[in-house]
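Nothing here was measured: the structure is a model prediction, and the numbers come from that model.
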Amino acid sequence: MTLDQSTIRQLAERLENAELNRQPVTKITDDYPEMDWDDAYSIQYEIRRRKEERGGKIAGLKMGLTSQAKMRQMGVSEPVYGFLTASGSYADGAEIDSAAFIHPRVEAEVAVMTRTELAGPGCNIGRVLPAMDFVTAALEIIDSRYENFRFDLKSVIADNTSAAGFVSGSVMREADALDLPTLGVVMEKNGEVVETGAGAAVLGHPANSVAVLANMLAARGEVIPAGTFIMTGGITAAVAVDKGDTINVRFQDLGKVSFRMG
């Protein structure tokens with residue numbers, strides 16, 4: 001780490017205030033170019049601590065940058081992770097207030113719930129699959145707190161990987177009843193198809209994303225507890241949504257998930 005605790009607290013406050021006030025800020029590496037990956041996650045964890053201190057509830061964990069092509073493009077060898085808040089959870093079919101965001105985008109994802117604890121290092125798909133309680137369809141709303149979407153990866157990690165909200169489906173199935181790599185997804189915006197994809201876009205198999213998460217958490221001495229809801233990463237590219245837009249996503253074998261931005 002290169003930043004002291006006072007600076008980490010200051011930057012966490014800046015980013016959380018940007019989220020709460022819907023006021024974008026410049027990326028933090030402009031002011032602290034020397035910050036490292038540990039600094040970035042420490043800022044994220046401080047944002048989480050602040051929310052929990054005020055009584056906020058953590059709803060789960062999320063993975064990002066789970067496309068191999070995107071990792072190569074960004075020059076990194078592993079995805080990034082963040083946390084989900086209960087206040088950012090929306091019901092399928094909900095009308096979501098556009099005023100709650102700065103410049104929201106939506107991705108289609110597969111989400112899982114763990115049945116048993118998962119721990120790294122050395123976690124792999126063979127350990128993840130039997131530990132999964134169920135699989136469901138989900139949409140993630142991402143909303144970078146940085147001006148004009150101008151950021152780098154360390155700034156994104158510090159900003160809780162742009163997490164802003166999520167919508168989970170109502171169909172829950174066991175993983176062994178699905179062929180997750182070939183599971184197809186079609187996203188429609190205002191009735192027009194804008195994105196398609198398949199589960200293999202997420203590290204070849206969404207369960208691989210969970211294994212990577214367990215191994216990354218192990219570096220901080222943490223595990224994935226039983227009963228953890230995990231968004232495994234975007235199957236589709238992120239699509240911009242504005243007031244009045246309706247998003248409807250059809251998942252093979254998992255039904256559909258939708259919302260309207262009001």
Side-chain angles (χ1 to χ4, degrees), residues 1-3 8 11-12 15-16 18-19 25 27-29 32-33 35-49 51 58-85 88 103-112 118 120-121 123 128 138-146 149-166 197 199 201-224 228-238:
M1 289 180 62
T2 67
L3 303 181
I8 286 169
L11 292 174
L15 287 173
E16 195 191 18
E19 174 193 359
V25 296
K27 65 184 177 75
I28 58 178
T29 51
Y32 298 93
M35 66 179 284
D36 61 23
W37 305 109
D38 287 337
D39 293 323
Y41 276 111
S42 293
I43 294 166
Q44 180 194 125
Y45 273 68
E46 175 62 14
I47 293 172
R48 175 173 174 167
R49 187 199 66 78
K51 292 183 182 300
I58 304 304
L61 301 173
K62 57 155 288 188
M63 290 288 279
L65 213 63
T66 50
S67 158
Q68 295 284 359
K70 188 66 174 177
M71 281 192 284
R72 286 194 297 271
Q73 179 185 349
M74 297 295 288
V76 296
S77 59
E78 63 183 14
V80 296
Y81 67 88
F83 63 90
L84 304 168
T85 62
H103 30 216
R105 300 185 180 193
V106 60
E107 299 175 343
E109 306 196 14
V110 167
V112 308
L118 284 164
C123 188
V128 170
L139 307 178
E140 183 181 11
I141 301 169
I142 58 174
D143 188 30
S144 171
R145 269 61 70 165
Y146 297 115
F149 270 88
R150 179 177 172 268
F151 47 69
D152 54 29
L153 194 53
K154 291 172 186 172
S155 295
V156 170
I157 292 169
D159 187 34
N160 192 27
T161 64
S162 305
F166 64 99
V202 183
L203 296 178
H205 193 301
N208 280 329
S209 179
V210 179
V212 171
L213 174 60
N215 292 329
M216 294 177 74
L217 288 173
R220 295 186 68 100
E222 300 176 9
V223 301
I224 301 175
T228 300
F229 180 81
I230 302 168
M231 302 276 285
T232 59
I235 292 173
T236 63

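The shortest distance between side-chain heavy atoms of Asp143 and His103 falls below 4.5 Å.
Side-chain atoms of Glu109 come within 3.5 Å of backbone N or O of Gly233 as a donor-acceptor pair.
For Tyr41, the ring pair (Phe, Tyr, Trp, His ring centres under 6.0 Å) partners at least two apart in sequence or on another chain are Tyr81. Shown here are the ring pair (Phe, Tyr, Trp, His ring centres under 6.0 Å) partners of Tyr32, two or more places apart in sequence or in another chain: there are none. Residues forming a side chain to side chain contact (heavy atoms under 4.5 Å, CB included) with Ile224 (at least two apart in sequence, or on another chain): Thr114, Leu118, Val210, Leu213, Ala214, Leu217, Thr228, Ile230. The side chain to side chain contact (heavy atoms under 4.5 Å, CB included) test applied to Ala207 returns Ile125, Val128, Leu129, Met132, His205, not counting sequence neighbours. Legend: residues meeting side chain to side chain contact (heavy atoms under 4.5 Å, CB included) with Ser42, ordered by chain and number and at least two apart, are Met1, Ile8, Arg220.
Counting only residues at least two apart or in different chains, side-chain hydrogen bond (donor to acceptor under 3.5 Å, both in side chains) contacts with residues 155-166 comprise Thr29-Ser155, Lys62-Thr161, Arg145-Asp159, Asp152-Ser155.
Across Gly199 and Pro206, no two heavy atoms sit closer than the pair O-CD, 3.6 Å. What you find for Tyr146 and Ala158 is that their closest heavy atoms are OH-CB, 4.5 Å. Between Gly120 and Asn215, the closest heavy-atom pair is CA-OD1, 3.4 Å. In terms of heavy atoms, Met63 sits closest to Thr66 at CB-CG2, 3.9 Å. Annotation for Leu203 and Asn208: closest pair O-ND2, 3.0 Å, computed over non-hydrogen atoms. Thr232 and Val202 make their closest contact through O-CG1, 3.3 Å (heavy atoms, listed as atom of the first residue, atom of the second, distance).
To the nearest 0.5 Å, atoms CG (Leu84) and CE (Met231) are separated by 6.5 Å. Distance CD/Glu16 to CD1/Ile43: 13.0 Å, rounded to 0.5 Å. Here CG of Leu139 is found 11.5 Å from CZ of Phe166. Values are rounded to the nearest 0.5 Å. Separation of atoms CD1 (Ile58) and CG (Leu61) is listed at 8.5 Å; rounding is to 0.5 Å. Atom CD of Glu222 and atom OH of Tyr45 lie 3.5 Å apart (nearest 0.5 Å).
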Show your reasoning for whether side chain to side chain donor-acceptor pair (under 3.5 Å) applies to Thr2 and Asp36. CA-CA 7 Å; Thr2 67; Asp36 61 23; 4.9 Å; no
Test Asp39 against Lys154 for side chain to side chain contact (heavy atoms under 4.5 Å, CB included), laying out the working first. CA-CA 8 Å; Asp39 293 323; Lys154 291 172 186 172; over 6 Å; no
Side chain to side chain contact (heavy atoms under 4.5 Å, CB included) between Leu3 and Leu11, intermediate numbers included: CA-CA 10 Å; Leu3 303 181; Leu11 292 174; 3.9 Å; yes
